[in-house]
Amino acid sequence: MADEEKRSLEQKFSRLEDSLAKLEDDKLPLDQAFALYQEGMKLLKECNEEIDRVEKQVLLLREDGSTDVFEGTTGVQE
Amino acid sequence: MSDYKNIYSITQITSYIKNMFDQDYMLSKVAIRGEVGSVTYHSSGYIYFSLKDANTVINCMMDRLDQRQGLAFKLETGQKVIAAGRVSVYPKQGKYQFYAKSLKKDGIGDLNAAFLELKQRLEEKGMFAEEYKQKIPRHVRTLGVVTSPTGAAIRDILDVARRRNPYLQILLYPATVQGETAPPTIIRGIRAMEAYGVDLIIVGRGGGSKEDLWCFNDEDLAQAIFDCSVPIISGVGHEIDFTISDFVADLRAPTPSAAAELAVSDIRGDLERLEGAARRLDVAMRNHAVRERLRLRELGARLDKLSPQARLRDDRARAGRMKERMEGLMDNRLKTEKQRLASLPGQLDLLMDRKLQRRKHVFELLLHRFEGRSPLKRLGGGYVYATDEQGKALGSVRQIKTGDAVRLLLKDGRALARIESVEEEAVFAAEEDRKHGG
(Lines give C-alpha, C1' and ligand atoms only; values in the text may rest on other atoms or scores of the structure.)
Protein backbone atom coordinates (compact mmCIF):
# COMPACT_ATOMS: atom_id res chain seq x y z
CA MET A 1 0.00 0.00 0.00
CA ALA A 2 2.55 2.56 1.08
CA ASP A 3 4.80 1.02 -1.49
CA GLU A 4 3.39 3.12 -4.28
CA GLU A 5 3.40 6.29 -2.24
CA LYS A 6 7.02 6.07 -1.19
CA ARG A 7 8.08 5.04 -4.62
CA SER A 8 6.30 8.05 -5.93
CA LEU A 9 8.14 10.22 -3.40
CA GLU A 10 11.40 8.88 -4.66
CA GLN A 11 10.25 9.31 -8.21
CA LYS A 12 9.22 12.84 -7.45
CA PHE A 13 12.59 13.50 -5.92
CA SER A 14 14.38 12.15 -8.93
CA ARG A 15 12.06 13.97 -11.32
CA LEU A 16 12.73 17.12 -9.35
CA GLU A 17 16.45 16.49 -9.77
CA ASP A 18 15.94 15.98 -13.50
CA SER A 19 13.95 19.18 -13.82
CA LEU A 20 16.60 21.08 -11.92
CA ALA A 21 19.42 19.71 -14.02
CA LYS A 22 17.55 20.73 -17.16
CA LEU A 23 16.55 24.08 -15.76
CA GLU A 24 20.15 24.83 -14.87
CA ASP A 25 21.11 24.56 -18.52
CA ASP A 26 21.79 28.09 -19.74
CA LYS A 27 20.70 27.36 -23.26
CA LEU A 28 17.20 26.28 -22.35
CA PRO A 29 14.52 28.37 -24.07
CA LEU A 30 12.47 30.50 -21.73
CA ASP A 31 9.15 28.82 -22.36
CA GLN A 32 10.66 25.45 -21.51
CA ALA A 33 12.32 26.96 -18.47
CA PHE A 34 8.96 28.23 -17.32
CA ALA A 35 7.36 24.85 -17.85
CA LEU A 36 10.15 23.13 -15.90
CA TYR A 37 9.91 25.70 -13.16
CA GLN A 38 6.21 25.15 -12.81
CA GLU A 39 6.64 21.40 -12.78
CA GLY A 40 9.44 21.76 -10.24
CA MET A 41 7.27 23.86 -7.96
CA LYS A 42 4.51 21.31 -8.22
CA LEU A 43 6.87 18.42 -7.41
CA LEU A 44 8.34 20.39 -4.58
CA LYS A 45 4.93 20.90 -3.09
CA GLU A 46 4.05 17.26 -3.54
CA CYS A 47 7.30 16.09 -1.98
CA ASN A 48 6.71 18.39 0.92
CA GLU A 49 3.26 16.97 1.39
CA GLU A 50 4.63 13.44 1.19
CA ILE A 51 6.89 14.07 4.13
CA ASP A 52 4.52 13.65 6.97
CA ARG A 53 5.49 15.49 10.13
CA VAL A 54 3.55 13.72 12.82
CA GLU A 55 5.66 12.01 15.41
CA LYS A 56 4.78 8.35 15.78
CA GLN A 57 4.70 5.96 18.67
CA VAL A 58 6.19 2.53 18.21
CA LEU A 59 3.45 -0.03 17.75
CA LEU A 60 3.58 -3.59 18.91
CA LEU A 61 2.23 -5.84 16.18
CA ARG A 62 0.40 -9.02 17.05
CA GLU A 63 0.13 -12.01 14.82
CA ASP A 64 -3.54 -11.29 14.12
CA GLY A 65 -2.55 -7.89 12.76
CA SER A 66 -3.80 -5.88 15.73
CA THR A 67 -1.47 -3.33 17.26
CA ASP A 68 -0.79 -1.84 20.62
CA VAL A 69 1.43 0.98 21.76
CA PHE A 70 4.84 -0.36 22.61
CA GLU A 71 5.68 0.82 26.09
CA GLY A 72 9.42 0.64 25.87
CA THR A 73 12.46 -1.46 26.16
CA THR A 74 12.96 -1.42 29.89
CA GLY A 75 13.63 -4.73 31.52
CA VAL A 76 15.68 -7.67 30.67
CA GLN A 77 18.57 -7.61 28.29
CA GLU A 78 19.53 -10.23 25.85
CA MET B 1 45.40 -28.05 71.63
CA SER B 2 47.91 -25.51 72.74
CA ASP B 3 49.35 -25.54 69.22
CA TYR B 4 46.24 -23.71 67.96
CA LYS B 5 45.99 -20.07 68.87
CA ASN B 6 42.43 -19.50 67.64
CA ILE B 7 39.31 -21.48 67.54
CA TYR B 8 36.80 -20.47 64.82
CA SER B 9 33.13 -21.00 64.42
CA ILE B 10 31.79 -22.97 61.43
CA THR B 11 30.41 -19.81 59.96
CA GLN B 12 33.77 -18.17 60.23
CA ILE B 13 35.67 -20.97 58.59
CA THR B 14 33.03 -21.41 55.89
CA SER B 15 33.13 -17.70 55.16
CA TYR B 16 36.88 -17.97 54.92
CA ILE B 17 36.64 -20.87 52.49
CA LYS B 18 33.94 -19.10 50.44
CA ASN B 19 36.09 -16.02 50.33
CA MET B 20 39.01 -18.03 49.03
CA PHE B 21 36.85 -19.32 46.17
CA ASP B 22 35.42 -15.90 45.41
CA GLN B 23 38.79 -14.21 45.46
CA ASP B 24 40.24 -16.73 43.05
CA TYR B 25 40.64 -15.22 39.66
CA MET B 26 40.14 -18.37 37.71
CA LEU B 27 37.19 -19.69 39.66
CA SER B 28 35.28 -16.44 39.50
CA LYS B 29 34.90 -16.69 35.77
CA VAL B 30 35.31 -20.05 34.18
CA ALA B 31 33.79 -22.25 31.53
CA ILE B 32 33.55 -25.95 31.90
CA ARG B 33 32.61 -28.78 29.57
CA GLY B 34 30.73 -31.87 30.62
CA GLU B 35 27.70 -34.06 30.38
CA VAL B 36 24.51 -33.25 32.19
CA GLY B 37 23.82 -35.72 35.01
CA SER B 38 20.78 -35.28 37.19
CA VAL B 39 18.50 -32.31 36.43
CA THR B 40 15.88 -30.75 38.67
CA TYR B 41 13.74 -27.85 37.58
CA HIS B 42 12.79 -26.62 41.04
CA SER B 43 9.48 -24.89 41.78
CA SER B 44 11.48 -21.88 42.99
CA GLY B 45 12.62 -21.42 39.41
CA TYR B 46 16.14 -22.63 40.01
CA ILE B 47 17.60 -25.49 38.09
CA TYR B 48 19.75 -27.87 40.05
CA PHE B 49 21.87 -30.19 38.01
CA SER B 50 25.20 -31.88 37.88
CA LEU B 51 27.89 -31.95 35.26
CA LYS B 52 30.21 -34.86 34.98
CA ASP B 53 32.89 -36.43 32.96
CA ALA B 54 34.23 -39.95 33.20
CA ASN B 55 35.38 -39.80 36.80
CA THR B 56 34.25 -36.56 38.31
CA VAL B 57 31.13 -34.70 39.05
CA ILE B 58 30.37 -31.10 40.03
CA ASN B 59 27.09 -29.83 41.40
CA CYS B 60 25.61 -26.91 39.53
CA MET B 61 22.71 -24.48 39.80
CA MET B 62 21.27 -21.76 37.62
CA ASP B 63 18.93 -19.01 38.77
CA ARG B 64 15.96 -17.64 36.89
CA LEU B 65 17.60 -14.50 35.55
CA ASP B 66 20.57 -16.42 34.17
CA GLN B 67 18.23 -18.96 32.62
CA ARG B 68 16.40 -16.24 30.78
CA GLN B 69 19.53 -14.84 29.36
CA GLY B 70 21.85 -17.77 29.17
CA LEU B 71 19.84 -20.87 28.52
CA ALA B 72 18.05 -21.41 25.24
CA PHE B 73 17.16 -25.05 25.49
CA LYS B 74 15.61 -27.47 27.92
CA LEU B 75 18.30 -29.04 30.01
CA GLU B 76 18.17 -32.81 29.93
CA THR B 77 20.28 -35.61 31.27
CA GLY B 78 22.89 -36.79 28.86
CA GLN B 79 23.31 -33.50 27.00
CA LYS B 80 26.83 -32.40 26.37
CA VAL B 81 27.13 -28.79 27.38
CA ILE B 82 29.54 -26.01 28.03
CA ALA B 83 28.69 -24.01 31.11
CA ALA B 84 30.05 -20.59 31.91
CA GLY B 85 29.93 -19.21 35.40
CA ARG B 86 31.79 -19.30 38.67
CA VAL B 87 32.62 -21.76 41.37
CA SER B 88 31.68 -20.81 44.88
CA VAL B 89 30.59 -22.23 48.19
CA TYR B 90 27.06 -22.81 49.36
CA PRO B 91 27.55 -22.33 53.11
CA LYS B 92 24.27 -23.87 54.19
CA GLN B 93 25.26 -27.25 52.88
CA GLY B 94 28.94 -26.78 53.23
CA LYS B 95 29.68 -27.65 49.64
CA TYR B 96 31.17 -25.95 46.69
CA GLN B 97 29.16 -25.78 43.48
CA PHE B 98 29.13 -24.30 40.01
CA TYR B 99 26.88 -21.25 39.55
CA ALA B 100 26.04 -21.36 35.84
CA LYS B 101 25.47 -18.07 34.08
CA SER B 102 25.01 -19.54 30.64
CA LEU B 103 24.72 -22.96 29.18
CA LYS B 104 25.29 -23.97 25.61
CA LYS B 105 25.14 -27.26 23.91
CA ASP B 106 28.60 -28.50 23.20
CA GLY B 107 29.28 -29.33 19.63
CA ILE B 108 30.60 -26.22 17.94
CA GLY B 109 32.32 -28.40 15.42
CA ASP B 110 29.00 -29.99 14.53
CA LEU B 111 27.32 -26.57 14.38
CA ASN B 112 29.98 -25.22 12.04
CA ALA B 113 29.63 -28.21 9.78
CA ALA B 114 25.85 -27.80 9.78
CA PHE B 115 26.19 -24.09 9.03
CA LEU B 116 28.50 -24.63 6.11
CA GLU B 117 26.34 -27.44 4.75
CA LEU B 118 23.20 -25.30 4.94
CA LYS B 119 24.94 -22.29 3.48
CA GLN B 120 26.19 -24.26 0.52
CA ARG B 121 22.84 -25.89 -0.07
CA LEU B 122 20.90 -22.61 -0.01
CA GLU B 123 23.52 -20.92 -2.14
CA GLU B 124 23.17 -23.66 -4.71
CA LYS B 125 19.42 -23.13 -4.64
CA GLY B 126 20.13 -19.54 -5.59
CA MET B 127 18.65 -18.09 -2.44
CA PHE B 128 21.57 -15.71 -1.96
CA ALA B 129 21.59 -14.64 -5.59
CA GLU B 130 21.84 -10.94 -6.24
CA GLU B 131 19.01 -11.06 -8.75
CA TYR B 132 16.52 -11.98 -6.01
CA LYS B 133 17.57 -9.12 -3.76
CA GLN B 134 14.86 -6.53 -3.44
CA LYS B 135 15.83 -2.90 -3.55
CA ILE B 136 15.78 -1.17 -0.20
CA PRO B 137 13.42 1.79 -0.54
CA ARG B 138 14.99 5.12 0.28
CA HIS B 139 11.93 6.55 1.94
CA VAL B 140 9.81 4.33 4.13
CA ARG B 141 6.68 5.31 5.98
CA THR B 142 6.32 2.16 8.03
CA LEU B 143 9.19 0.07 9.26
CA GLY B 144 8.69 -3.36 10.74
CA VAL B 145 11.16 -4.66 13.28
CA VAL B 146 11.21 -8.30 14.21
CA THR B 147 13.32 -8.82 17.29
CA SER B 148 13.16 -9.23 21.03
CA PRO B 149 11.19 -6.43 22.71
CA THR B 150 13.62 -6.47 25.60
CA GLY B 151 16.94 -6.74 23.85
CA ALA B 152 19.64 -4.26 23.08
CA ALA B 153 18.79 -4.49 19.40
CA ILE B 154 15.37 -2.85 19.62
CA ARG B 155 16.79 -0.05 21.78
CA ASP B 156 19.55 0.63 19.28
CA ILE B 157 17.20 0.45 16.33
CA LEU B 158 14.66 2.79 17.91
CA ASP B 159 17.39 5.24 18.95
CA VAL B 160 18.77 5.47 15.46
CA ALA B 161 15.41 5.47 13.71
CA ARG B 162 13.91 8.17 15.92
CA ARG B 163 16.98 10.33 15.61
CA ARG B 164 16.86 10.09 11.85
CA ASN B 165 13.14 10.34 11.38
CA PRO B 166 10.78 10.79 14.34
CA TYR B 167 7.84 10.78 11.93
CA LEU B 168 8.46 7.22 10.81
CA GLN B 169 5.91 4.63 11.92
CA ILE B 170 7.72 1.72 13.50
CA LEU B 171 6.04 -1.60 14.23
CA LEU B 172 7.66 -4.14 16.47
CA TYR B 173 6.92 -7.82 16.40
CA PRO B 174 8.16 -9.30 19.67
CA ALA B 175 10.10 -12.37 18.68
CA THR B 176 12.35 -14.70 20.52
CA VAL B 177 15.85 -14.34 19.15
CA GLN B 178 17.72 -17.06 20.95
CA GLY B 179 17.34 -20.79 21.20
CA GLU B 180 15.44 -23.45 19.36
CA THR B 181 12.09 -21.76 19.85
CA ALA B 182 13.26 -18.57 18.20
CA PRO B 183 12.97 -19.27 14.44
CA PRO B 184 9.18 -19.92 14.40
CA THR B 185 8.52 -16.65 16.25
CA ILE B 186 10.76 -14.71 13.87
CA ILE B 187 9.03 -16.33 10.90
CA ARG B 188 5.61 -15.41 12.31
CA GLY B 189 6.85 -11.87 12.82
CA ILE B 190 8.03 -11.55 9.23
CA ARG B 191 4.68 -12.84 7.94
CA ALA B 192 2.71 -10.54 10.23
CA MET B 193 4.72 -7.57 9.01
CA GLU B 194 4.20 -8.56 5.40
CA ALA B 195 0.49 -8.94 6.00
CA TYR B 196 0.30 -5.57 7.73
CA GLY B 197 1.98 -3.96 4.75
CA VAL B 198 5.09 -2.35 6.13
CA ASP B 199 7.54 -0.87 3.63
CA LEU B 200 10.62 -2.53 5.03
CA ILE B 201 11.49 -5.10 7.69
CA ILE B 202 14.51 -5.32 9.96
CA VAL B 203 15.20 -8.74 11.40
CA GLY B 204 17.90 -9.13 13.96
CA ARG B 205 19.29 -9.17 17.41
CA GLY B 206 22.22 -7.83 19.37
CA GLY B 207 25.59 -9.40 19.79
CA GLY B 208 26.16 -12.75 21.39
CA SER B 209 28.04 -15.94 21.04
CA LYS B 210 27.83 -18.08 17.98
CA GLU B 211 25.27 -20.23 19.76
CA ASP B 212 23.25 -17.17 20.76
CA LEU B 213 22.94 -16.21 17.14
CA TRP B 214 22.36 -19.75 15.98
CA CYS B 215 18.64 -19.35 15.49
CA PHE B 216 19.38 -17.09 12.52
CA ASN B 217 20.95 -20.06 10.78
CA ASP B 218 17.58 -21.78 10.54
CA GLU B 219 16.54 -23.10 7.15
CA ASP B 220 12.83 -22.34 7.61
CA LEU B 221 13.66 -18.79 8.63
CA ALA B 222 15.89 -18.45 5.58
CA GLN B 223 13.01 -19.60 3.39
CA ALA B 224 10.62 -17.15 5.07
CA ILE B 225 13.04 -14.27 4.50
CA PHE B 226 13.51 -15.33 0.91
CA ASP B 227 9.75 -15.61 0.31
CA CYS B 228 8.86 -12.29 1.89
CA SER B 229 7.64 -9.72 -0.62
CA VAL B 230 8.73 -6.85 1.59
CA PRO B 231 12.45 -6.05 1.53
CA ILE B 232 14.29 -7.32 4.59
CA ILE B 233 17.45 -6.00 6.19
CA SER B 234 19.19 -8.37 8.55
CA GLY B 235 21.17 -7.04 11.47
CA VAL B 236 22.43 -9.89 13.55
CA GLY B 237 25.12 -9.59 16.20
CA HIS B 238 28.28 -7.74 15.35
CA GLU B 239 30.26 -6.91 12.27
CA ILE B 240 32.09 -10.24 12.35
CA ASP B 241 28.99 -12.38 12.72
CA PHE B 242 27.56 -13.89 9.56
CA THR B 243 24.40 -15.95 9.60
CA ILE B 244 22.30 -17.64 6.96
CA SER B 245 19.69 -14.92 7.48
CA ASP B 246 22.31 -12.33 6.52
CA PHE B 247 23.04 -14.12 3.27
CA VAL B 248 19.43 -14.53 2.26
CA ALA B 249 18.23 -11.10 3.36
CA ASP B 250 17.92 -8.35 0.77
CA LEU B 251 20.58 -6.39 2.62
CA ARG B 252 22.93 -7.39 5.40
CA ALA B 253 23.71 -4.80 8.04
CA PRO B 254 26.65 -5.46 10.33
CA THR B 255 24.65 -4.56 13.45
CA PRO B 256 21.05 -3.70 14.38
CA SER B 257 22.00 0.00 14.62
CA ALA B 258 23.49 -0.15 11.16
CA ALA B 259 20.33 -1.83 9.94
CA ALA B 260 18.34 1.13 11.26
CA GLU B 261 20.74 3.54 9.56
CA LEU B 262 20.26 1.72 6.28
CA ALA B 263 16.50 1.48 6.70
CA VAL B 264 15.70 5.00 7.80
CA SER B 265 16.75 7.92 5.68
CA ASP B 266 17.55 11.02 7.63
CA ILE B 267 14.51 13.29 7.46
CA ARG B 268 16.80 16.31 7.84
CA GLY B 269 18.55 15.19 4.69
CA ASP B 270 15.22 15.02 2.88
CA LEU B 271 14.11 18.38 4.18
CA GLU B 272 17.46 19.93 3.28
CA ARG B 273 17.21 18.30 -0.10
CA LEU B 274 13.78 19.84 -0.56
CA GLU B 275 14.98 23.24 0.57
CA GLY B 276 18.02 22.94 -1.65
CA ALA B 277 15.83 21.97 -4.58
CA ALA B 278 13.54 24.93 -3.90
CA ARG B 279 16.54 27.26 -3.80
CA ARG B 280 18.03 25.81 -6.92
CA LEU B 281 14.68 26.07 -8.68
CA ASP B 282 14.43 29.72 -7.75
CA VAL B 283 17.97 30.59 -8.68
CA ALA B 284 17.80 28.74 -11.97
CA MET B 285 14.54 30.44 -12.91
CA ARG B 286 15.84 33.84 -11.87
CA ASN B 287 18.97 33.25 -13.94
CA HIS B 288 16.82 32.41 -16.91
CA ALA B 289 14.77 35.54 -16.40
CA VAL B 290 17.85 37.72 -16.06
CA ARG B 291 19.46 36.11 -19.06
CA GLU B 292 16.31 36.53 -21.14
CA ARG B 293 15.99 40.15 -20.08
CA LEU B 294 19.55 40.80 -21.11
CA ARG B 295 18.97 39.04 -24.38
CA LEU B 296 15.82 41.04 -24.93
CA ARG B 297 17.69 44.24 -24.27
CA GLU B 298 20.43 43.18 -26.61
CA LEU B 299 17.92 42.22 -29.30
CA GLY B 300 16.14 45.52 -28.76
CA ALA B 301 19.35 47.37 -29.28
CA ARG B 302 20.05 45.36 -32.42
CA LEU B 303 16.54 45.92 -33.73
CA ASP B 304 16.82 49.60 -32.99
CA LYS B 305 20.01 49.69 -34.96
CA LEU B 306 18.23 48.16 -37.95
CA SER B 307 15.17 50.46 -37.83
CA PRO B 308 14.64 53.05 -40.63
CA GLN B 309 14.99 55.86 -38.13
CA ALA B 310 18.28 54.49 -36.96
CA ARG B 311 19.41 54.00 -40.52
CA LEU B 312 18.40 57.55 -41.30
CA ARG B 313 20.23 58.68 -38.22
CA ASP B 314 23.24 56.68 -39.23
CA ASP B 315 23.10 57.95 -42.79
CA ARG B 316 22.74 61.48 -41.53
CA ALA B 317 25.67 61.01 -39.28
CA ARG B 318 27.59 59.53 -42.16
CA ALA B 319 26.61 62.41 -44.40
CA GLY B 320 27.55 64.81 -41.66
CA ARG B 321 30.90 63.21 -41.31
CA MET B 322 31.42 63.28 -45.05
CA LYS B 323 30.39 66.90 -45.17
CA GLU B 324 32.81 67.73 -42.42
CA ARG B 325 35.52 65.89 -44.21
CA MET B 326 34.76 67.62 -47.45
CA GLU B 327 34.64 70.99 -45.81
CA GLY B 328 37.86 70.24 -44.13
CA LEU B 329 39.41 69.31 -47.43
CA MET B 330 38.01 72.44 -49.05
CA ASP B 331 39.25 74.59 -46.27
CA ASN B 332 42.70 73.20 -46.54
CA ARG B 333 42.64 73.63 -50.25
CA LEU B 334 41.45 77.19 -49.97
CA LYS B 335 44.01 77.93 -47.36
CA THR B 336 46.84 76.65 -49.51
CA GLU B 337 45.49 78.47 -52.51
CA LYS B 338 45.15 81.64 -50.51
CA GLN B 339 48.65 81.29 -49.26
CA ARG B 340 49.77 80.73 -52.79
CA LEU B 341 47.80 83.72 -53.98
CA ALA B 342 49.06 85.80 -51.14
CA SER B 343 52.61 85.02 -52.13
CA LEU B 344 51.90 85.71 -55.85
CA PRO B 345 51.78 89.53 -55.80
CA GLY B 346 55.18 89.64 -54.20
CA GLN B 347 56.50 87.34 -56.83
CA LEU B 348 54.84 89.35 -59.59
CA ASP B 349 56.22 92.55 -58.25
CA LEU B 350 59.57 91.00 -58.09
CA LEU B 351 59.23 89.74 -61.63
CA MET B 352 57.90 93.07 -62.81
CA ASP B 353 60.62 94.88 -61.06
CA ARG B 354 63.20 92.76 -62.62
CA LYS B 355 61.59 93.13 -66.01
CA LEU B 356 61.28 96.83 -65.59
CA GLN B 357 64.78 97.22 -64.47
CA ARG B 358 66.01 95.20 -67.35
CA ARG B 359 63.95 97.34 -69.71
CA LYS B 360 65.12 100.42 -68.02
CA HIS B 361 68.61 99.31 -68.40
CA VAL B 362 68.11 98.51 -72.02
CA PHE B 363 66.40 101.79 -72.40
CA GLU B 364 69.19 103.60 -70.75
CA LEU B 365 71.67 101.87 -72.95
CA LEU B 366 69.65 102.80 -75.99
CA LEU B 367 69.17 106.26 -74.70
CA HIS B 368 72.79 106.54 -74.22
CA ARG B 369 73.40 105.40 -77.68
CA PHE B 370 70.73 107.60 -78.96
CA GLU B 371 72.14 110.46 -77.10
CA GLY B 372 75.43 109.73 -78.62
CA ARG B 373 73.91 109.86 -82.00
CA SER B 374 71.57 112.75 -81.49
CA PRO B 375 72.26 115.66 -83.71
CA LEU B 376 71.42 117.88 -80.85
CA LYS B 377 74.35 116.51 -79.06
CA ARG B 378 76.50 117.76 -81.72
CA LEU B 379 75.17 121.22 -81.54
CA GLY B 380 77.69 123.51 -80.18
CA GLY B 381 81.25 123.41 -81.04
CA GLY B 382 80.37 124.91 -84.34
CA TYR B 383 77.61 122.59 -85.28
CA VAL B 384 74.11 123.86 -85.82
CA TYR B 385 70.92 122.33 -87.02
CA ALA B 386 69.75 124.14 -90.09
CA THR B 387 66.30 123.97 -91.60
CA ASP B 388 64.52 125.91 -94.14
CA GLU B 389 61.84 128.27 -93.19
CA GLN B 390 59.31 125.38 -93.17
CA GLY B 391 61.51 123.56 -90.77
CA LYS B 392 62.82 121.03 -93.20
CA ALA B 393 66.33 119.97 -92.38
CA LEU B 394 68.97 121.07 -94.77
CA GLY B 395 70.99 118.20 -96.09
CA SER B 396 72.31 119.71 -99.20
CA VAL B 397 73.25 123.06 -100.52
CA ARG B 398 71.00 122.51 -103.40
CA GLN B 399 68.05 123.10 -101.08
CA ILE B 400 68.97 126.69 -100.67
CA LYS B 401 69.80 129.72 -102.72
CA THR B 402 71.12 133.07 -101.90
CA GLY B 403 68.74 135.19 -99.98
CA ASP B 404 66.79 132.26 -98.46
CA ALA B 405 66.06 132.45 -94.83
CA VAL B 406 67.52 129.58 -92.90
CA ARG B 407 66.56 128.63 -89.43
CA LEU B 408 69.48 127.66 -87.20
CA LEU B 409 69.12 125.61 -84.07
CA LEU B 410 71.94 125.97 -81.63
CA LYS B 411 72.56 124.44 -78.31
CA ASP B 412 71.09 127.23 -76.38
CA GLY B 413 68.74 128.99 -78.83
CA ARG B 414 67.78 129.64 -82.37
CA ALA B 415 68.54 132.09 -85.00
CA LEU B 416 67.28 133.13 -88.35
CA ALA B 417 69.93 133.66 -90.99
CA ARG B 418 70.09 134.66 -94.62
CA ILE B 419 72.10 132.88 -97.14
CA GLU B 420 74.72 135.08 -98.73
CA SER B 421 75.99 132.59 -101.15
CA VAL B 422 75.82 128.98 -102.11
CA GLU B 423 78.66 126.85 -103.32
CA GLU B 424 78.88 123.19 -103.91
CA GLU B 425 81.91 121.55 -102.41
CA ALA B 426 83.43 118.07 -101.95
CA VAL B 427 82.01 115.72 -99.42
CA PHE B 428 84.31 115.18 -96.52
CA ALA B 429 81.90 116.04 -93.93
CA ALA B 430 80.65 112.46 -93.87
CA GLU B 431 83.90 111.15 -92.51
CA GLU B 432 84.01 113.81 -89.97
CA ASP B 433 80.58 112.74 -88.99
CA ARG B 434 81.65 109.21 -88.51
CA LYS B 435 84.60 110.18 -86.32
CA HIS B 436 82.39 111.95 -83.90
CA GLY B 437 79.56 109.42 -83.73
CA GLY B 438 79.05 106.40 -81.53
Side-chain angles (χ1 to χ4, degrees), chain A residues 1-10 12-14 16-17 19-34 36-41 43-45 47-48 50-68 70-78, chain B residues 65 68-69 137-142 144-155 158 161-162 166-174 177-178 188-189 191-193 195-199 205-208 212 230 267 270-271 273-274 277-278 280-285 287-289 291-292 295:
Chain A
M1 95 189 177
D3 217 41
E4 245 117 86
E5 288 171 39
K6 81 183 176 256
R7 210 170 284 153
S8 76
L9 175 63
E10 279 185 57
K12 274 167 195 154
F13 255 132
S14 78
L16 192 55
E17 283 291 338
S19 294
L20 277 169
K22 280 189 210 145
L23 191 60
E24 279 162 352
D25 176 9
D26 294 356
K27 290 169 204 84
L28 194 73
L30 193 60
D31 55 339
Q32 283 179 40
F34 261 126
L36 281 170
Y37 178 72
Q38 273 173 333
E39 193 196 283
M41 287 304 277
L43 287 168
L44 210 59
K45 191 164 162 274
C47 282
N48 207 36
E50 287 280 329
I51 297 175
D52 124 34
R53 288 184 180 74
V54 182
E55 228 168 294
K56 307 292 187 309
Q57 283 182 298
V58 178
L59 295 178
L60 208 60
L61 179 68
R62 294 196 199 89
E63 219 184 327
D64 61 8
S66 65
T67 57
D68 218 341
F70 177 57
E71 297 296 348
T73 58
T74 49
V76 197
Q77 295 184 6
E78 270 168 59
Chain B
L65 185 64
R68 213 159 31 204
Q69 292 178 14
R138 189 162 164 183
H139 300 97
V140 296
R141 296 188 147 215
T142 49
V145 182
V146 178
T147 189
S148 161
T150 56
I154 186 65
R155 269 206 318 270
L158 291 183
R162 280 187 181 135
Y167 314 124
L168 173 69
Q169 178 64 66
I170 297 172
L171 286 111
L172 168 66
Y173 184 90
V177 290
Q178 188 169 327
R188 280 198 294 274
R191 290 186 180 145
M193 287 297 172
Y196 183 87
V198 297
D199 301 328
R205 57 154 288 153
D212 291 340
V230 177
I267 185 90
D270 288 340
L271 294 177
R273 202 168 152 204
L274 268 183
R280 273 174 68 193
L281 206 60
D282 256 8
V283 168
M285 196 59 229
N287 284 348
H288 273 294
R291 199 156 35 234
E292 289 301 322
R295 232 183 95 205

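Hydrogens, waters and symmetry mates play no part in the numbers below; they use all other heavy atoms, side chains included. Chain letters run A, B, ... following the sequence lines, proteins first, then strands; residues in each count from 1.
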Quick one, [X] and [Y] - any side-chain contact, counting heavy atoms below 4.5 Å?
X: A:K56; Y: B:R141; answer: no
X: A:E63; Y: B:Y173; answer: yes
X: B:R138; Y: A:F13; answer: no
X: B:I170; Y: A:L59; answer: no

Checklist entry - Is there a side chain to side chain contact (heavy atoms under 4.5 Å, CB included) between B:L172 and A:L61 once you walk through the steps? => result CA-CA 6 Å; B:L172 168 66; A:L61 179 68; over 6 Å; no
Heavy-atom proximity to chain A below 4.5 Å, by part of [X]:
X: B:R162; result: side chain
X: B:A195; result: neither
X: B:L171; result: both
X: B:R291; result: side chain
X: B:N287; result: neither

Next on the checklist: List the residues meeting side-chain contact (heavy atoms from CB on, under 4.5 Å) with B:L271, not counting sequence neighbours, and say none if there are none.
Outcome noted: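 Applying side-chain contact (heavy atoms from CB on, under 4.5 Å) to B:L271 gives A:I51, A:R53, B:I267.
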Checklist entry - Is it true that a side-chain atom of B:H288 and a backbone atom of A:L23 form a donor plus acceptor pair closer than 3.5 Å? => result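 Yes; judged by distance alone, with no hydrogens or angles, the pair exists.
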Next on the checklist: Looking at B:Q169 and A:E55, would you say the former's side chain and the latter's main chain have a donor-acceptor pair under 3.5 Å?
Outcome noted: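 Checked: no pair found.
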Checklist entry - Looking only at heavy atoms, which two atoms of A:G40 and B:L281 are closest? And how far apart? => result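 That closest heavy-atom pairing would be C-CD2, 3.4 Å.
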